[in-house]
Structures are given as C-alpha cells and as structure tokens.
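Notes for the one structure printed next.
Any value given below was found using the heavy atoms of this structure, including those in side chains, with hydrogens, waters and symmetry copies removed. Residue indices begin at 1 and follow the sequence shown.
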Amino acid sequence: MSFAKHGLQVFEIPIEVRPQDIDDNDHVNNVVYLQWIFDVALEHWNVSAPQGMKDAYGWVATRHEIDYRREALLGDPIVARTWIGTVDSRRFERLTEIVRTSDDHVLCRGRSIWTLLSRDTGRIIRIPPDMVQLFAAYMHPR
C-alpha cells in the first residue's frame, strides 16, 4: 500500500506487535525493528517489481542505521513506511519510519543501503534504468 507524504509516494505495511517481539523490558526488542525495516523493504520490492525483474535480480543490504525514538508495546497499532533516498549506479538508499498510528509518533527511523545482485552470477551489478524508473515515484530528494 502506498500513500503520499508531503506530496511524495511512500509505501507502507501494517505491523502487528506479537508477544515474541517483547523483551524483558516489556517493549519491542531493538532487533525486531530491524526485521520490520527488512519486511517493508522486501514487500515494497515484491509488490512493485514485475516477476521477470524479481527472477533476474536480488538485493543485499550493506548498511543499516537505526535511530530509536520511542518504545513500542504489545497491542500498539503500527505501520512501517519506506521510500527511496539517493540512488547511484549500484546502490539504493532506503529510508524507513516505524510509526504508532494511534498518536502518529515515530518510534524509529532507519536508513539502509541496498546493492543490486544478479541472481545468475551472485555478483553486484549496475542498477538498470528501468528499475530506477519503476521506483521513481518513491524517490525523495533529501
């Protein structure tokens, strides 16, 4: 699902906080946020890319940065939102926010760098222009 944020496209998925996501401090464990960041990125790819593109290419994360701002608790209504930042010949910068929808508080912000792989060779390759065009509506200038 996508929606506009300040007139720009953002992809989002709902998140269910499960009992196994809660740590001994009674809130969502930090590692779970990273999983949610991965989940929304993967879902965005899967719903956006045509099957031929998914068959030919895969992505690998080379960097994750996460800023934790507020805690999430069991039962909190949450969405993960993502969009594309800078793009160069081999990397997409993907930006993510995890948001509690009951009060619109940002729980964390993430920045990830993803590189494109050829499924045939397993090697990093250049991002083709048609892929850049596919995600152009989600590319936000910084």
Self-check item: Test item: F38 and H64 side chains (from C-beta on) under 4.5 Å apart, heavy atoms
Solution: no
Self-check item: Atom CZ of R119 with >12 non-hydrogen neighbours under 6.0 angstrom
Solution: yes
Quiz item: Roughly how far, to the nearest 0.5 Å, is the CG atom of L117 from the CG atom of D120?
Solution: 11.5 Å
Quiz prompt | E43 side chain reached by F11 side chain, heavy atoms, under 4.5 Å | solution = yes
Self-check item: Side chain D23, main chain N25, donor-acceptor under 3.5 Å
Solution: yes
Self-check item: Value rounded to 0.5 Å, distance of CG in L107 from CG in D67
Solution: 13.0 Å
Exercise. Would you mind reporting whether I84 and L95 have side-chain heavy atoms less than 4.5 Å apart?
Key: no
Quiz item: Is the F135 ring parallel, tilted or perpendicular to the H44 ring (thresholds 30°, 60°)?
Solution: perpendicular
Quiz item: Between M139 and M53, is there a shared hydrophobic cluster once you connect ILVMFWY residues whose side-chain heavy atoms come closer than 4.5 Å?
Solution: yes
Quiz prompt | Nearest atoms (heavy-atom pairs only) where A72 meets I78 | solution = CB-CD1, 3.7 Å
Quiz item: Hey, are the side chains of P19 and L74 touching, using non-hydrogen atoms and a 4.5 Å cut-off?
Solution: yes
Exercise. Considering non-hydrogen atoms only, spot the tightest contact between V28 and L73 and give its length.
Key: CG2-N, 4.5 Å
Self-check item: Distance (rounded to the nearest 0.5 Å) between I125 CD1 and S89 OG
Solution: 11.0 Å
Self-check item: Verify same cluster id: V40, W59 (apolar side-chain graph, 4.5 Å)
Solution: yes
Practice problem: Work out which heavy atom in L134 is nearest to a heavy atom in P50; give both atom names and the distance. | Solution: CD2-CD, 4.1 Å
Quiz prompt | From NE2 (H105) to CG (D76), nearest 0.5 Å | solution = 11.5 Å
Quiz item: Side chain of R100, backbone of E71: donor and acceptor closer than 3.5 Å?
Solution: yes
Quiz item: Quick one: does W114's side chain get under 4.5 Å of R91's, heavy atoms only?
Solution: no
Quiz item: Would a hydrophobic clustering, with Ile, Leu, Val, Met, Phe, Trp and Tyr connected at side-chain separations under 4.5 Å, put V132 with V47?
Solution: yes
Quiz item: Roughly how far apart are Y33 OH and Q35 CD, rounded to 0.5 Å?
Solution: 14.0 Å
Quiz prompt | Contact summary for I127 and D88, nearest pair of heavy atoms | solution = CD1-O, 3.7 Å
Practice problem: Could you tell me whether R90 atom CZ has more than 12 heavy atoms of other residues or ligands within 6.0 Å of it? | Solution: yes
Quiz item: side-chain hydrogen bond (donor to acceptor under 3.5 Å, both in side chains) between R123 and S118: does it pass, once the steps are laid out?
Solution: CA-CA 6 Å; R123 292 180 174 240; S118 164; over 6 Å; no
Quiz item: Between W45 and K54, what is the shortest heavy-atom contact and its length?
Solution: NE1-CG, 3.6 Å
Quiz prompt | Q133, CD atom: more than 12 neighbouring heavy atoms under 6.0 Å | solution = no
Quiz prompt | Validation row: S112, F92 side chains within 4.5 angstrom (heavy atoms) | solution = no
Quiz item: Can you get from V106 to V10 by hopping between Ile, Leu, Val, Met, Phe, Trp and Tyr side chains that sit under 4.5 Å apart?
Solution: no
Exercise. Taking all non-hydrogen atoms of both residues into account, name the closest pair between I98 and A80 and its distance.
Key: CD1-CB, 3.6 Å
Exercise. Determine yes or no for a side-chain-to-main-chain donor-acceptor pair under 3.5 angstrom, with E93 supplying the side chain and T86 the backbone.
Key: yes
Quiz item: Is a side-chain N or O of D21 found less than 3.5 angstrom from the main chain of R18, in a donor-acceptor match?
Solution: yes
Quiz prompt | Matching residue for W83 among E12, R94, E97, Q9 - test: side-chain contact (heavy atoms from CB on, under 4.5 Å) | solution = E97
Quiz item: So, do V17 and W36 sit near enough that their side-chain heavy atoms are less than 4.5 Å apart?
Solution: yes
Exercise. Say whether I113 and L116 are linked into one hydrophobic cluster, either directly or through other cluster members, by side-chain heavy-atom distances under 4.5 angstrom.
Key: no
Quiz prompt | Heavy-atom side-chain proximity of N30 to I66 below 4.5 angstrom | solution = no
